[in-house]
Enquirer: 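Handing you a structure now.
Here the structure is a predicted model, which is why all the values come from computation and not from measurement.
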Amino acid sequence: MTSPQGRFTQSASVVNETPFIKAEAFGKHLFITFGHGKVIHIHLGLYGKWTFLSHTPEPVGLIRIQMSTPQACAQLRGPNACALISPDEVKIIRAKIGPDPIRKDDPQSARATVLASRTPIGALLMDQTLFAGVGNIYRAEVLFRSGIDPQTPGKELTSEQFDTLWRDLINLMKIGVRRGRIDTVRPEHLPKVMKRAPREDRHGGEVYVYRRTGLPCHVCAHEVAESDLRGRNLFWCPNCQK
DNA sequence: GCCTTATGTTCAC
DNA sequence: TGAACCTAAGGCT
């Protein structure tokens with residue numbers, strides 16, 4: 001392990017040559033455990049990115065962590081968080097992470113909180129203590145797929161609606177892990193989606209409403225709407241989501 | 001080339 | 001509520 005531009009050199013040297021034990025994700029947080037209880041905590045944030053290569057090239061750009069073996073190389077750029085942390089710090093971070101749909105966590109506590117809250121479900125879905133791992137894309141897409149208006153207060157949802165959202169998050173996030181991209185469009189709507197103008201959806205997946213402002217809804221052709229909710233872009237179809 | 005934007009979080013006011 | 005963090009890609013001139 002190295003840190004070519006020095007940002008992480010001291011921590012990298014601590015785990016250098018120590019055996020890799022495991023890498024685990026809880027919500028958006030990644031914990032890489034090495035021998036002697038050394039743990040590196042990583043959060044990619046908005047633009048953090050891993051690059052995996054079959055060789056170790058000369059560093060290009062700012063690389064925070066580079067892990068190399070003779071056969072492979074992993075480079076980390078632009079993470080929100082990247083630090084060697086203590087077991088106590090792991091506990092503190094873990095304690096703030098709520099149930100994660102793809103970890104088969106029990107959503108019981110989150111369900112109770114959501115169904116009692118006056119906060120819009122569109123905001124609740126972004127709360128990592130309630131829906132660990134859910135971000136702006138899954139927020140928009142899961143609400144579209146359930147036909148729920150993002151401004152609906154949590155307490156106005158039925159428990160059946162909550163359970164449907166949770167099950168759909170499990171479903172969509174599992175697909176996301178498998179494919180390495182976020183696809184949310186049901187098979188019956190795919191033909192329509194494939195006919196869309198080129199260059200749409202440049203985040204890489206096939207979606208219903210995320211970043212499709214002003215374009216026709218793939219289901220009803222109504223214009224997709226955009227607004228700001230708690231400082232994040234919110235996308236929805238005013239006709240399908242009421 | 002420069003400007004804007006982005007799958008996010010934390011902290012200051 | 002806004003700024004800071006910090007990288008890359010796309011849009012525009």
Enquirer: How close or far is atom P of dT7(B) from atom CG of Leu234(A), stated in whole angstroms?
Expert: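 Value for this atom pair: 11 Å.
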Enquirer: Expressed in whole Å, how much space separates the P atoms belonging to dT5(B) and dT13(C)?
Expert: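 Roughly 14 Å separates the two P atoms.
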Enquirer: Testing the 3.5 Å rule here: is there a donor-acceptor pair between the side chains of Ser146(A) and Thr164(A)?
Expert: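 No, Thr164(A) and Ser146(A) have no side-chain donor paired with an acceptor closer than 3.5 Å.
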Enquirer: Given dT7(B), dG8(B), dT9(B), identify the nucleotide with an atom nearest to the side chain of Met126(A).
Expert: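 Given the options dT7(B), dG8(B), dT9(B), the side chain of Met126(A) is closest to dG8(B).
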Enquirer: Is there a side-chain contact (heavy atoms from CB on, under 4.5 Å) between Leu143(A) and Asp149(A) once you walk through the steps?
Expert: CA-CA 7 Å; Leu143(A) 287 173; Asp149(A) 182 335; over 6 Å; no
Enquirer: Report which part of the nucleic acid Asn80(A) touches: base, sugar-phosphate, or nothing (heavy-atom distance under 4.0 Å, all strands).
Expert: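 Base, at least one base atom sits under 4.0 Å.
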Enquirer: If you compare every side-chain N and O of Asn233(A) against the phosphate oxygens of dA6(B) (OP1, OP2), does one of them come in below 4.0 Å?
Expert: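 The answer is yes; a side-chain N or O of Asn233(A) sits under 4.0 Å from OP1 or OP2.
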Enquirer: Please determine, for the side chain of Lys28(A), which listed nucleotide (dA6(B), dT7(B), dT9(B)) has the closest atom?
Expert: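 For Lys28(A), the side-chain atoms sit closest to dT9(B).
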Enquirer: Rounded to the nearest angstrom, tell me the gap between atom CG in Leu169(A) and atom C1' in dT7(B).
Expert: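 For the pair Leu169(A) CG and dT7(B) C1', the rounded distance is 14 Å.
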Enquirer: Closest approach to the side chain of Arg77(A), judged atom by atom: which nucleotide of dT9(B), dA8(C), dG8(B) is it?
Expert: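 Selected nucleotide: dA8(C).
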Enquirer: Please report, rounded to the nearest Å, how far the C1' atom of dT7(B) is from the CD atom of Gln128(A).
Expert: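 Taking atom C1' of dT7(B) as the reference, CD of Gln128(A) is at 11 Å.
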Enquirer: Start at the 5' end of DNA chain C and walk down; is the nucleotide closest to Arg230(A) or to Lys49(A) reached first?
Expert: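 Looking at DNA chain C, the more 5' nearest nucleotide goes with Arg230(A).
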Enquirer: Students often mix this up, so state it plainly: with edges at 30° and 60°, are the rings of Phe162(A) and Phe131(A) parallel, tilted or perpendicular?
Expert: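 Tilted, since the angle between the ring planes falls between 30° and 60°.
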Enquirer: So, OP1 or OP2 of dT7(B): does either fall under 4.0 Å of a side-chain N or O from Arg232(A)?
Expert: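 Checking Arg232(A) against dT7(B): at least one side-chain N or O falls below 4.0 Å of OP1 or OP2.
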Enquirer: If we take the P atom in both dC5(C) and dC13(B), what is their distance in whole Å?
Expert: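 Between the two P atoms, the distance is 14 Å.
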Enquirer: Atom CG of Leu46(A) to atom P of dA4(C): distance rounded to whole Å?
Expert: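 Value for this atom pair: 16 Å.
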Enquirer: Does OP1 or OP2 of dT7(B) have a side-chain N or O of Tyr210(A) closer than 4.0 Å?
Expert: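 It does, given that an N or O in the side chain of Tyr210(A) lies less than 4.0 Å from OP1 or OP2 of dT7(B).
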Enquirer: Could you tell me whether Arg212(A) sits above the aromatic face of Phe235(A), with NZ or CZ closer than 6.0 angstrom to the six-membered ring centre and within 45 degrees of the axis?
Expert: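 So Arg212(A) doesn't make the cation-pi contact.
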Enquirer: Please give, in whole Å, the distance from dT7(B) C1' to Phe131(A) CZ?
Expert: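 Taking CZ of Phe131(A) and C1' of dT7(B), I get 17 Å after rounding.
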Enquirer: How many Å lie between NE2 on His29(A) and P on dT7(B), as a whole number?
Expert: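 Going from NE2 in His29(A) over to P in dT7(B) covers 17 Å.
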Enquirer: Please give the distance between the C1' atoms of dT1(C) and dT7(B) as a whole number of Å.
Expert: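 After rounding to an integer number of Å, I get 23 Å for this pair.
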Enquirer: Are Val142(A) and Ile148(A) close enough that some pair of their side-chain heavy atoms sits under 4.5 Å apart?
Expert: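 Val142(A) vs Ile148(A): side chains apart.
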Enquirer: Please report the distance, rounded to the nearest Å, between CD in Glu89(A) and P in dT10(B).
Expert: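 Going from CD in Glu89(A) over to P in dT10(B) covers 14 Å.
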Enquirer: Rounding to an integer number of Å, can you tell me how far Asn136(A) CG sits from dT9(B) C1'?
Expert: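 Nearest whole value for this atom pair: 14 Å.
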